[in-house]
Q: 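Encoded as structure tokens, here's the structure I'll be asking about.
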Amino acid sequence: MENNKRAVEVAVVVFLLRGKKVLLGRRRSSVGHSTFSLPGGHLEFGESFEECASRELKEETGLEIKQMELLTVKNHLFLKEPEPAHYVTIFMRAVLANPEQVPQNLEPHRCDGWDWYGWDNLPKPLFWPLEKMVQDGFNPFPIA
Ligand code: 8DG
Ligand code: MG
Ligand code: MG
């Protein structure tokens, strides 16, 4: 395969739930530009998934999170992007440490802003990995 000299990367992303809503932001990064995606980013050397999730949430939104749980793992190929990439993406679930806290757009070069969306009223277009999960019937909310 032509891309076999490139490294596989690991990302940790978070379904941050507040009531029946989930936090999404519109991407400005080249991968998935203008689509709505979860907060998260690259796993750094030596980090646990929970440490990475907390750090990325803090860096991107200023939010403190708690009750982190591993939900699922996906293998994502972005071979048609301007910069081809291959991610193993770890999906966590969490809630706000302080429910009053409001998300800030701390990386405006990477995101247009953060907002809460009902699972039955998700914005369009979703980042394709998220769109695929929705189409496959995935639901991040705990069974009541
Ligand atoms: P960093 O420098 O802060 O570590 O990276 P980042 O700029 O925050 O990375 P990112 O693109 O937000 O996330 C890394 C990769 O994770 C992304 O390029 C592809 C993969 N990924 C998915 N699904 C999702 C998702 O819903 N949200 C985010 N943010 N990334 C996702 O496969
Ligand atoms: Mg980041
Ligand atoms: Mg990110």
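Each ligand, and each atom within it, is numbered from 1 in the order the structure gives. These numbers come from a predicted model, not from an experiment.
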Q: Which option wins on minimum heavy-atom distance to atom 20 (C) of ligand 1: Thr89, Val31, Val88, Leu38?
A: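 The residue whose heavy atom sits nearest atom 20 (C) of ligand 1 is Thr89.
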Q: Tell me which N, O or S atom of Glu56 sits nearest to the Mg ion (ligand 2).
A: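 Atom name of the closest N, O or S in Glu56: OE1.
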Q: State, to 0.1 Å, how close Leu16 and Val95 come at their nearest heavy-atom pair, and which atoms those are.
A: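 Shortest heavy-atom separation between Leu16 and Val95 comes out as CD1-C, 3.5 Å.
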Q: Taking the N/O/S atoms of Glu60 one by one, which is nearest to the Mg ion (ligand 3)?
A: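 Atom name of the closest N, O or S in Glu60: OE2.
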Q: Angle class for the Phe141/Trp119 ring planes (parallel below 30°, perpendicular above 60°, tilted otherwise)?
A: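 Answer is perpendicular, since the angle exceeds 60°.
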Q: So, 2.8 Å as the limit: is an N/O/S atom of Arg27 located closer than that to the Mg ion (ligand 3)?
A: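 Arg27 does not place any N, O or S atom closer than 2.8 Å to the Mg ion (ligand 3).
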Q: Closest by any non-hydrogen atom to atom 21 (N) of ligand 1: pick that one out of Trp128, Phe127, Phe91, Phe36.
A: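 Among Trp128, Phe127, Phe91, Phe36, the closest heavy atom to atom 21 (N) of ligand 1 belongs to Phe127.
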Q: Please list the nearest protein heavy atom to atom 5 (O) of ligand 1 with its residue and the distance rounded to 0.1 Å.
A: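 Going by distance alone, atom 5 (O) of ligand 1 is nearest to His42 ND1, 2.8 Å.
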Q: Which protein heavy atom lies closest to atom 30 (N) of ligand 1, and at what distance to 0.1 Å?
A: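 I find the closest protein heavy atom is Val13 CG1, 3.3 Å.
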Q: Near Arg110, which atoms of ligand 1 are under 4.0 Å from a heavy atom of that residue?
A: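 Here the atoms of ligand 1 in question are 1 (P), 2 (O), 3 (O), 7 (O).
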Q: Can Phe91 be reached from Val14 by stepping across I, L, V, M, F, W or Y side chains whose heavy atoms are under 4.5 Å apart?
A: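 Not linked; separate clusters.
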Q: Which option wins on minimum heavy-atom distance to atom 11 (O) of ligand 1: Lys74, Arg27, Glu56?
A: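 Of the listed residues, Arg27 has the closest heavy atom.
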Q: Quick test of your reading of the structure: of Gly40, Pro39, Cys52, Pro129, whose heavy atom lies closest to atom 10 (P) of ligand 1?
A: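 It is Gly40 whose heavy atom sits nearest to atom 10 (P) of ligand 1.
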Q: Indicate, with yes or no, if Leu23 and Leu126 share a hydrophobic cluster defined by side-chain heavy-atom contacts under 4.5 Å among Ile, Leu, Val, Met, Phe, Trp and Tyr.
A: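 No.
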Q: Could you point out which residue of Tyr117, Phe15, Trp114, Trp116 forms a side-chain contact (heavy atoms from CB on, under 4.5 Å) with Leu24?
A: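 Output: one option passes, namely Tyr117.
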Q: Which residue and atom name correspond to the protein heavy atom nearest atom 8 (O) of ligand 1, and how close is it?
A: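 The protein heavy atom lying closest is Glu60 OE2, 2.7 Å.
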Q: Once you restrict to heavy atoms under 4.0 Å, what part of Glu44 touches ligand 1? Side chain, backbone, both or neither.
A: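 Neither part.
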Q: Can you tell me how far apart CG (Leu43) and OH (Tyr87) are? Round to the nearest 0.5 Å.
A: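 That separation rounds to 12.0 Å.
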Q: Quick check on contacts: which atoms of ligand 1 are under 4.0 angstrom from a heavy atom of Ser37?
A: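 Near Ser37, the atoms of ligand 1 are 25 (C), 26 (O), 27 (N), 28 (C), 29 (N).
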Q: Are the side chains of Arg93 and Pro142 in contact, using a 4.5 Å heavy-atom criterion?
A: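 Yes, their side chains come closer than 4.5 Å.
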Q: Of the choices Gly32, Ala85, Gly25, Ala11, which has the non-hydrogen atom that lies closest to atom 14 (C) of ligand 1?
A: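 The option holding the nearest heavy atom is Ala11.
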Q: Which of the numbered atoms in ligand 1 are below 4.0 angstrom from a heavy atom of His76?
A: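 What qualifies from ligand 1 is 22 (C), 32 (O).
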Q: Shared ILVMFWY cluster between Leu79 and Phe127, side chains joined below 4.5 angstrom?
A: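 Different hydrophobic clusters.
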Q: Using a cut-off of strictly less than 2.8 Å, determine whether Glu59 has an N/O/S atom near the Mg ion (ligand 2).
A: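 Glu59 does not place any N, O or S atom closer than 2.8 Å to the Mg ion (ligand 2).
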Q: Below 3.5 Å, N or O to N or O, backbone or side chain included: is there any such pair between Glu107 and ligand 1?
A: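 In fact, backbone or side chain, Glu107 has no N or O that close.
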Q: Applying a strict under-4.5 Å side-chain criterion to I, L, V, M, F, W and Y, I'd like to know whether Leu96 and Leu17 cluster together.
A: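 As far as the 4.5 Å side-chain criterion goes, Leu17 and Leu96 are not connected within one cluster.
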Q: Can you tell me which residue and heavy atom of the protein come closest to atom 13 (O) of ligand 1, and the distance to 0.1 Å?
A: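 Heavy-atom neighbour on the protein nearest atom 13 (O) of ligand 1: Gly41 CA, 3.7 Å.
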Q: Under 4.0 Å between a side-chain nitrogen and a carboxylate oxygen: does that hold for Arg55 and Glu59?
A: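 Salt bridge: yes.
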Q: Following the transitive rule for hydrophobic clusters with a side-chain heavy-atom cut-off under 4.5 Å over Ile, Leu, Val, Met, Phe, Trp and Tyr, establish whether Met68 and Phe49 coincide in one cluster.
A: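 Yes, Met68 and Phe49 fall within the same hydrophobic cluster.
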